[in-house]
Amino acid sequence: MKKFVFAFATLALAAASAAAHYTVELVAPAQLNGQVLQAGTYKMELNGNHAVLKSGKVSVQADARVENEDKKFFETSIRFASEGPNPKIQEIRIGGTTTKVVFTNQTSGN
């Protein structure tokens with residue numbers, strides 16, 4: 001019985017410390033933390049005050065804070081801080097949740 005409780009507690013602790021993962025679709029190139037991300041599907045991992053967007057060998061980490069809104073977002077949407085050929089990603093609102101990821105302290109890019 002003790003082994004079962006220990007295994008369950010270990011599993012629960014691992015799940016609680018695991019980073020959250022979401023899928024994000026960029027329909028056009030955009031900048032995140034000074035790097036240009038091409039259009040495509042990215043996996044976003046939230047871990048503490050960082051977010052990482054990954055697609056294949058491309059991986060970009062940026063400082064971010066997670067905020068929660070009162071109502072769920074209908075679909076995932078991305079807000080940009082600037083316009084142009086490679087606008088900067090300012091925030092990502094995750095569809096089906098109340099979670100909003102706000103990117104902070106981004107470095108300058110192209």
Side-chain angles (χ1 to χ4, degrees):
M1 180 69 174
K2 286 184 182 180
K3 287 182 182 180
F4 175 76
V5 172
F6 178 76
F8 182 76
T10 303
L11 181 61
L13 184 60
S17 66
H21 294 84
Y22 303 97
T23 301
V24 176
E25 181 78 26
L26 291 177
V27 296
Q31 282 189 61
L32 181 63
N33 205 22
Q35 294 184 351
V36 176
L37 299 172
Q38 296 303 316
T41 302
Y42 291 81
K43 290 186 179 185
M44 180 172 63
E45 179 179 304
L46 302 177
N47 196 354
N49 60 349
H50 298 287
V52 179
L53 267 68
K54 297 179 185 179
S55 179
K57 293 182 179 183
V58 175
S59 179
V60 177
Q61 178 175 307
D63 292 340
R65 71 177 181 272
V66 175
E67 297 179 359
N68 290 303
E69 297 290 321
D70 293 334
K71 295 182 180 181
K72 287 185 178 182
F73 298 110
F74 179 70
E75 61 186 1
T76 298
S77 62
I78 302 172
R79 291 195 167 202
F80 299 95
S82 61
E83 296 182 14
N86 299 313
K88 291 182 182 179
I89 298 173
Q90 181 178 29
E91 67 182 40
I92 298 176
R93 297 174 175 202
I94 302 168
T97 74
T98 60
T99 304
K100 174 172 70 171
V101 180
V102 179
F103 294 95
T104 59
N105 302 322
Q106 292 195 56
T107 60
S108 296
N110 301 1

Which residue in the set T76, I94, T23 passes side-chain contact (heavy atoms from CB on, under 4.5 Å) when paired with M44? I94
Considering only heavy atoms from C-beta outward, does the side chain of F103 approach that of N33 to under 4.5 Å? no
Contacts of E67 meeting salt bridge (charged side-chain N to carboxylate O under 4.0 Å, His left out) (sequence neighbours excluded), chain-then-number -> R65, K100
Which heavy-atom pair separates T97 from T99 by the least distance, and what is that distance? OG1-N, 3.0 Å
E25: partners by side-chain hydrogen bond (donor to acceptor under 3.5 Å, both in side chains), with sequence neighbours left out: T41
Hphob cluster co-occupancy, V102 + F73, side-chain heavy atoms under 4.5 angstrom: no
Hydrophobic cluster membership, Y42 vs F80, 4.5 Å side-chain cutoff: yes
Would the distance check show the side chain of Q31 and the main-chain N or O of N86 forming a donor-acceptor pair, the cut-off being under 3.5 Å? yes
Does L32 belong to the same Ile/Leu/Val/Met/Phe/Trp/Tyr cluster as V52, with side-chain heavy atoms less than 4.5 Å apart forming each link? no
Begin with the C-alpha distance, continue with both residues' side-chain angles, and end with the deciding distance and a verdict on salt bridge (charged side-chain N to carboxylate O under 4.0 Å, His left out) for R93 and E91. CA-CA 7 Å; R93 297 174 175 202; E91 67 182 40; 2.7 Å; yes
Considering all heavy atoms of both residues, which atom of A64 and which atom of T104 are nearest to each other, and what is their separation? N-OG1, 3.9 Å
Measuring from I89:CD1 to L53:CG, what's the distance to the nearest 0.5 Å? 6.0 Å
Determine the minimum heavy-atom distance between K88 and S82, stating which atoms define it. N-OG, 3.4 Å
So do the side chains of Q38 and V58 get within less than 4.5 Å of each other, counting heavy atoms only? no
Which heavy-atom pair separates G96 from K72 by the least distance, and what is that distance? O-CD, 3.6 Å
Same cluster or not: are V24 and V66 linked, directly or through other Ile, Leu, Val, Met, Phe, Trp or Tyr residues, by side-chain heavy atoms under 4.5 angstrom apart? yes
